[in-house]
Amino acid sequence: QVQLVESGGGLVQAGGSLRLSCAASGGTVSSYAMGWFRQAAGKDREFLVTISRNGGLYVTDSAKGRFIISRDNAKNTVYLHMNSLKLEDTAVYYCAAARRLGFPSRGGEYDYWGQGTQVTVSS
């Protein structure tokens, strides 16, 4: 059973940056496709980006140019680097792990989820 723990969320001013971390236990991040999602209050969960088992990347238009996913196999941790944050980036951010190959982009394709970390962007 893989357990995922996100951290790094908080309050940041618009235009600022944050780095979210997703530490895994019970499995190695390189054995899974690792994705980041977010869910704003009153909205559906939104897929942002994934890194495949072999290190390939798939980035949605929402994340392109501002959000970067990376993986540190030695630390068994995946990161989401967020830059030029906007008010509309305010949400709970979740990392997830999928056993499947390729670039899963739907929540149902992921097998394990973290508890989420709140990101609040202020003006």
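All residue numbers in this chain count up from 1 along the given sequence.
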What class does the angle between the rings of Phe103 and Tyr58 fall in, given that below 30° is parallel, 30 to 60° is tilted and above 60° is perpendicular?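 Tilted: the ring planes of Phe103 and Tyr58 meet at 30° to 60°.
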
Would you please classify the geometry between the Phe47 ring and the Tyr110 ring as parallel, tilted or perpendicular, with 30° and 60° separating the classes? tilted

Where [X] and [Y] come nearest, the two heavy atoms and their spacing:
| X | Y | value |
| --- | --- | --- |
| Gly16 | Val12 | CA-CG2, 4.0 Å |
| Trp113 | Gly107 | CZ2-O, 3.5 Å |
| Ala33 | Gly102 | CB-O, 4.1 Å |
| Val119 | Met82 | CG2-CE, 3.9 Å |
| Gly8 | Leu18 | O-CD2, 3.7 Å |
| Met34 | Ile69 | O-CD1, 3.5 Å |

Nearest 0.5 Å, please: how far is [atom2] in [Y] from [atom1] in [X]?
| X | Y | atom1 | atom2 | value |
| --- | --- | --- | --- | --- |
| Thr90 | Arg38 | OG1 | CZ | 9.0 Å |
| Leu85 | Gln13 | CG | CD | 11.5 Å |
| Ser123 | Leu87 | OG | CG | 5.5 Å |
| Thr60 | Trp36 | OG1 | CH2 | 14.0 Å |
| Ser7 | Arg19 | OG | CZ | 8.5 Å |
| Arg71 | Cys22 | CZ | SG | 12.0 Å |

Take Val29 and Thr77 through the side-chain contact (heavy atoms from CB on, under 4.5 Å) test and state the conclusion after the steps. CA-CA 7 Å; Val29 292; Thr77 298; over 6 Å; no

Lys64 vs Val49, test: side-chain contact (heavy atoms from CB on, under 4.5 Å). Steps then yes/no. CA-CA 9 Å; Lys64 198 169 294 183; Val49 61; over 6 Å; no

Presence of salt bridge, Asp89 and Lys86, under 4.0 angstrom: no

Return yes if some donor-acceptor pair links the side-chain N/O of Glu6 with the main-chain N/O of Gly116 below 3.5 Å, else return no.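 Judged by distance alone, yes, a pair lies under 3.5 Å.
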
Determine, using the 4.5 Å side-chain heavy-atom cutoff (strictly less than), whether [X] and [Y] are members of one ILVMFWY cluster.
| X | Y | result |
| --- | --- | --- |
| Leu57 | Leu80 | yes |
| Leu4 | Tyr94 | no |
| Val2 | Phe37 | no |

Candidate pair Asn76 and Thr28, rule side-chain hydrogen bond (donor to acceptor under 3.5 Å, both in side chains), full reasoning: CA-CA 6 Å; Asn76 210 28; Thr28 56; 5.2 Å; no

Just wondering, do Tyr32 and Arg99 contact through their side chains at under 4.5 Å, heavy atoms?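 Side chain of Arg99 against side chain of Tyr32, heavy atoms only: contact under 4.5 Å found.
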
Can you confirm whether Glu88 is buried at CD, in the sense that more than 12 heavy atoms of other residues, nucleotides or ligands lie under 6.0 Å from that atom? yes

Can you confirm whether more than 12 heavy atoms, excluding those of Arg45, are under 6.0 Å from its CZ atom?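 Correct, the count exceeds 12.
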
One pair to check against side-chain contact (heavy atoms from CB on, under 4.5 Å): Ser62 and Phe67. What are the steps and the verdict? CA-CA 9 Å; Ser62 297; Phe67 294 179; over 6 Å; no

